[in-house]
Amino acid sequence: MREYTASLKREAERLLSEGRVKTVIAFGPGIDPLAPIPAFAEDKDEASDLLVNAFSAPGLAKYVLDEVGGVEKPEHSVAVLARGCDSLGIARLIADKRVQRQSVVILGVHCDGVIDRGKLLALNPAFSRTKNIKSVAIGEDEVFVEAELADRSAVSLRGRPEDLLLDKCLKCLERDPVVFDIMLEPEAGTMLGRETGPTPVGDRGGVDQGEKEKSLRARRSLVAETEALSSESRYEFWARQFERCIRCYACRNVCPACSCRKCAFDVPDPEWVSKCTWLSEQFMFHFLRAFHVAGRCVGCGECERACPMGLPLSLLNDKLMKDVEEMFGIEDPHVPKESEPLGFYSPDDPEPWAKEVSEG
Amino acid sequence: MKRIGVFVCWCGFNISGTIDVKAVASALADHPGVVVAKDYKYMCSEPGQAMIKEAIAEHRLSGVVVAACSPSMHETTFREAAQAAGLNPYMLEIANIREHASWVHPDDKIAATRKAIDLVKSLVEKVKRNEALEPIHVPMTKRALVIGGGIAGMQAALDLADGGTEVVLVERDSHIGGHMAQLSETFPTLDCASCILTPRTAEVGRHPLIKLHAYSEVAEVSGYVGNFTVKVRKKRTYVDWDKCIGCMDCMAKCPKKIPSQFERGLGIRKAIGVAFPQAIPYRPVIDRDACTYFKTGKCRICERVCSVGAIDFDQEERVIEEKVGAIIVATGYDLAPKAKFGEYGYGKIKDVVDGLEFERLNSSSGPTEGVIKRPSDGKIPREVVFIQCVGSRDVDKGNSYCSKICCMYTAKHAMLYKHKVPDGQAYVFYMDIRAGGKGYEEFVQRAVEQDGVLYLRGRVSKVYEDDGKVIVRGQDTLSGENIEIAADMVVLATAIEPQRDSRNLAQILKIGTDQYGFFNEAHPKLRPVESMTRGVFLAGCAQAPKDIPETVAQASGAASKVDVLFSKDDLVVEPLIASVDEAICSGCMWCEPICPYHAIEPKTIEERVGKKSVARRVASVNAGLCQGCGACSVACRDGAMNLKGYTNQQIMAEVEALCL
Amino acid sequence: MRISEDRLLDLLVDTSERMAVFAPLEEDGLVLLSPFTKDRAASWARPDSYVNTDNTPKDVLMPQTEPYLRFEGDGRRMAVSEVAVGPLRQTFVFGVRPCDVRAVELLDRVLIEGQFRDEMYARRRAGTLIAAVACSKPGPECFCGTMGISHLGPAVQMTETKEVDTPSGRQGGVSPENPGCDLIFYPALRGEAGDRAGTGAGGGCSDTAATNTQFIVVSITERGDNFLRENGGYFEASGPDDLDATVRRLKDTFSEDGPSSVTDGLSLDGLVPYLAGQFDNPYWAFVSRRCHSCGACTYVCPTCYCFAVVDAARIDRGVRSRCWDSCQFQEFLLMAAGHNPRPTKKERVRQRFLHKLQYYPEKYGDYMCVGCGRCVKKCPVGLHMTQVIYDLGCIREGVRVK
């Protein structure tokens, strides 16, 4: 990943000092260099702590709703750092009228993927003692990471993208933001720590249609695999997944398409889904969740990333996305649109029951 | 604590023949919340209703379930009974154990009884969650729109206007009168069509309460019963009708002659002028496609001869807005297109004409001044073949229905022909004769017996031209013989079809059509002049093929329905509409485009959050527009949208009771 | 005593005929404390192959959904019957890590020894034999040491434990009355106890012996003693120095790499009294801003025990259950009349950390955190225990929290 932190800090400081926004949402250092945390800068000092790098895993879209969403006239605006996936989420919130476009300044940034801390540590636990990251390069076929450890020694690792990137990044649909106000520029010619690190294996850069096709293929083939199962095996598969669910609602709470003031799952009457984790309730919860985002899911994969129990939630979402694409002929179903396939009445809507009556 | 009463109706043997009604009542008597459960032979009878009323008082019932027939039959009856006993009428529900149980499971009494018990329990659980509702009152505009100026539209407009209601009449053509103006005589009396029609057209033209928009179309309808806003597109006539005095000098001097549509192409008209001498309004229109000036940029003779300067070549189309409270749709019919009937030579052989063309040939004001001449050479036809059911009752041509009037007008045509050409021969190919109507059968008999029209039962297989004759081949199924007639002329009784753009108008009005495009009535028997959209009524052939007296009757029926609507001070709307829980509503407005009735729009509410006042958008439902279809409620993810009388809580309770 | 992996499998199979047995099993890339079956990939046999189970012993002792009442009415009267009355099935949980053993003991303090005895929990706890497995390596998120908990488990006879400052002053966080488990299994290296493994496992080939994990087993309760006695056939006597050697080796391997970034430099000194004055610290608003109000941290936490009472009722009958609930959920404290005492993330996040770091220690003497690191690993946005302890340290030193 190119180095964007300097450019991020510069824009953040400018927006804050000009009074254009009250808050800039990006990442801060956190206790673990391998896990930058969402950060909210409101002054120059805080802006100087902001960063973005190849370990910045959390999505940021949902914070826009927290900060300026849900009201007619927000008191102030926010700026938010947005990679492709973040921008899709923000676009979703805007399309759902939960956030007003004019109350958010979108700081777009190109993204080549985020390294999965867990995968990295599984391959080499020594990285858990990282003091700072010296160099990262994410290429088509290879990812390289080098870090300095607490004892000043260095550790490095070279591996395939699938062994090192977040699963959601392997299925990435948009590397560049679909909506933005300011596009962050990388520092001229620099990679993160490039001067001191070994030669990086290459930098993807730019929009790559082929890459997107690859991601779509990956998603479709996973969906096709599940579709190909017999209904008994498919039931068994999902029953095992849903049985494991602890109903922490992380999937819902990080989802930019789940922006209701009061989620149906939290309404006591009628109780659509009980807190009881009997399998029937688990199915009900997961199907309702998936159907509530059907036609609106942006494919950001945050639900799956956030799930503490490793449920393949993208698979459900992708199945519905594929159906929407095929049944309604919607191109790029993950990109929020003016009017959604399941979101309007048309006199041409098929009404088989009405026909039956008139013929009968 | 809920106190529910359950009343199980036998419906004579309709229910009790299959369902053990005593078992249903006793099963429900043990159901939680049920304080009384009874059965009775006819719950809808006076004693049955009295039983319910007494129980409401005696047991202080908070809700009632009547297990009987479909709610579309007696829901109102029982709700009124409940109301008379002091219970809010919406605290009563019907469990349909007739259509949903006894009638559909006649062979399994045990299962049908079990199902009936489940259905009633389900409704008991629903009614426990019912809330008292009050009808909604909405102000209305007591002014009606009539679409179509044929005999149906005129009759409806005159009835309404005579009763004191202001009417806006929109006619697509430049004149009113519709198809009836093209007819020569009418069955079964053979009186002259224009003699009975023109007094009506004239009356419409001068009625102070009828505002006529001729040469205009309805472009857009918004709003709801009592409060429609209609956009009327006034097409370009290129003549300022306000200035025009109807001298028709323009028509006289216009050098451009074109085939007349009114004469079905059998006569000619000018590029400017009126369709026929008695046209109302008597104002000319320039046919832009035919006019020499519009084609070549030269001419403008009409402009020169017009003494009042009414010609306006630069006239713009205008859209005007009318506010009305009710709409009568009387857009009439079209004949099946010629292209459909190649096998009868229609459209290829000049002397094969359709019924309306034959009407014009018969008409004293028609192109032949009432002398029947065949179109190819103007000779008097000696042998004329009439073919019935052309495109009607014919699945292959798409119309399985009967056009209803062809038997009668064919008899009329044959008779008129015989009167004018007594030595000629008229043949009629028919499938069977449908002459139901006052004096109709006698009329057909007269054609056969007095006028010697030869009726041949059978289908025509082929019609072709040979040496100036039209050869008709067919079969007489009564004698089994093949028949070939060398006719001079063939008249086809082509099918009545809906107007080509009827589906388009249906969309504008949000009413339904059947598979052919005829507008759907709300109920085929009991509500034949109402559409499914409140405030929109139907008259004439736009609803289904019918003859003039039926059309006039339906038009008067529609007009009286409008009068009934307007007889109230304001509009009373069922409270079974969508409502928004503003505390939950996220204002995503997903419901707005999903509403087929455009009843939902955003509104801003102020609420206190902490110490601040915050403005927030929520959905709001227009009570007048909402039809209670529930589409919004289904689309609402957080459940903020609920349909009163069918809330999520009620539906869930019903389902849970069924699944227990 | 000692036992080899093969014999342990036999023991678990045998025990599962008499008792409900739980052990760490693999499922879709996770390791879950699950009902034991011998056909599933067994993590329990390779304690070095995983850090800890993704779920916790709470799943066994306080299941997420636990029905306890049935009710049925005839419209006039309501009949109530208990669901779980009568003896529960005796349960054997194998493979609980020392941090989670401590967590069980912390739950006991509230749910059994506290002011109100939770009969449902107590009954399950009384019927459950817990076998711990000591750790040889800390995971990247482990901070049991910081919380004063030994990776070797509560072996009271092992006096040599790390000196840490715990509010109760108990060394190694162990209460002699209730150690939190009954047996401790110490995984041994080959050479320590493995030389005799072949014979112990019934004379298998040398490959088996080489890959066969050996455990030194110690009982620390009477119930543990009984279990060992009853199943004596599966165990062998260990050598006099075997235990010491294994423990020494485990201690060495555990500390050889030094602390990970998420556990380095954390200090709990004087934290409880300090926090008593920090209820209104603006830090809570600051840190909670990134919280998404999901319940992942609380549901994967081995010490969180909050629950809700849920009725699944239809018309005239139903079941009342106790279900996990989370203080991080917006509706957790929502009152019937609509008031919510913890309306924003600030109050809810503060509650979670003050409960674990101040309220519980004040009441029960120890932190309500065992350093298992699950919240560190599972929180989608890095709002977890070590981050907060670190931040609080910064605040106390006057350093700006980033």
Side-chain angles (χ1 to χ4, degrees), chain A residues 23 25 28-40 45-46 49 57-59 62-63 66-67 117-118 121 125-131 149-151 240-241 244 246-254 262-263 266 268 271 274-278 281 302 305-312, chain C residues 27-30 32 54-55 63-65 67 137-141 257-264 266 286 289-290 292-300 308 310-312 319 321 323-326 328-331 334 345 374 376-384 386-387 389-391 400 402:
Chain A
T23 309
I25 309 168
I31 191 172
D32 182 357
L34 301 183
I37 53 178
F40 304 81
D45 284 344
E46 288 177 344
D49 294 334
K62 201 70 184 281
Y63 294 117
D66 293 355
E67 298 290 326
R117 173 180 174 276
L121 294 178
F127 275 100
S128 69
R129 298 187 301 282
T130 298
K131 184 88 182 159
L149 304 187
D151 61 4
R240 189 176 77 233
Q241 307 299 330
R244 203 161 65 231
I246 53 174
R247 293 271 287 283
C248 66
Y249 295 135
C251 49
R252 173 193 72 179
N253 290 14
V254 299
K262 183 110 181 149
C263 176
D266 297 335
E271 190 182 53
S274 137
K275 265 196 158 59
C276 296
T277 46
W278 298 320
E281 299 290 329
E302 270 291 276
R305 186 191 69 83
C307 179
M309 287 293 142
L311 268 60
Chain C
E27 182 177 313
D28 297 310
L30 303 180
L32 298 174
D54 288 90
N55 60 347
Q64 183 157 12
T65 302
K137 274 267 187 225
E141 296 90 8
D257 290 333
S260 68
S261 347
V262 292
T263 62
D264 197 9
L266 300 180
F286 169 89
R289 213 161 163 182
R290 66 176 179 270
H292 282 310
S293 295
C294 79
C297 51
T298 52
Y299 281 2
V300 300
V310 178
D311 283 346
V319 173
S321 308
C323 299
W324 291 359
D325 202 352
S326 169
Q328 298 307 291
F329 291 155
Q330 209 166 350
E331 302 73 31
L334 183 65
K345 297 192 283 189
R374 288 186 181 90
V376 182
K377 190 176 170 185
K378 304 283 189 185
C379 176
V381 294
L383 202 180
H384 50 70
T386 63
Q387 180 74 51
I389 293 174
Y390 176 83
D391 288 349
R400 186 164 60 83
K402 289 181 181 177

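Basis for what follows: all heavy atoms, side chains included, without hydrogens, waters or symmetry-related copies. Since we're looking at a predicted model, the values are computed, not measured. Sequence lines set the chain letters: A, B, ... in the order given, protein chains first and strands last, and positions in each chain run from 1.
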Most chain A-contacting option - heavy-atom pairs closer than 4.5 Å, from [options]:
options	value
C:C294, C:C297, C:P63	C:C294
C:L334, C:V310, C:V376	C:V310
C:G139, C:G382, C:A296	C:A296
C:S261, C:S293, C:P140, C:G258	C:S261

Which portion of [X] sits near chain A, non-hydrogen atoms under 4.5 angstrom:
X	value
C:C323	side chain
C:L266	side chain
C:L32	side chain
C:R400	side chain
C:Q387	both
C:D391	neither

Per-residue contact mode, A:I246 against chain C (heavy atom under 4.5 angstrom): both
Rounded distance [0.5 Å steps], CZ in A:R129 versus CG in A:L149: 6.0 Å
Between CE on residue A:M309 and SG on residue A:C248, distance to nearest 0.5 Å: 8.0 Å
Counting heavy-atom pairs under 4.5 Å to chain C, which of [options] comes out on top?
options	answer
A:E271, A:E302, A:R247	A:R247
A:A35, A:G30, A:G28, A:S274	A:G30
A:E281, A:R240, A:E46	A:R240

Do you know which two heavy atoms are closest between [X] and [Y], and how far apart they sit?
X	Y	value
A:Y63	A:P38	OH-CG, 3.4 Å
A:P33	A:K131	CG-O, 3.6 Å
C:D54	C:K377	OD2-NZ, 4.1 Å

Listed partners of C:K137 passing side chain to side chain contact (heavy atoms under 4.5 Å, CB included), at least two apart: C:E256, C:D257
Any residue meeting side chain to side chain donor-acceptor pair (under 3.5 Å) with A:R252, in chain and number order, not counting sequence neighbours: A:D266
Audit row: C:R289, A:T23, side-chain hydrogen bond (donor to acceptor under 3.5 Å, both in side chains) steps and yes/no: CA-CA 12 Å; C:R289 213 161 163 182; A:T23 309; 3.2 Å; yes
Validation row: A:K62, A:V254 side chains within 4.5 angstrom (heavy atoms): no
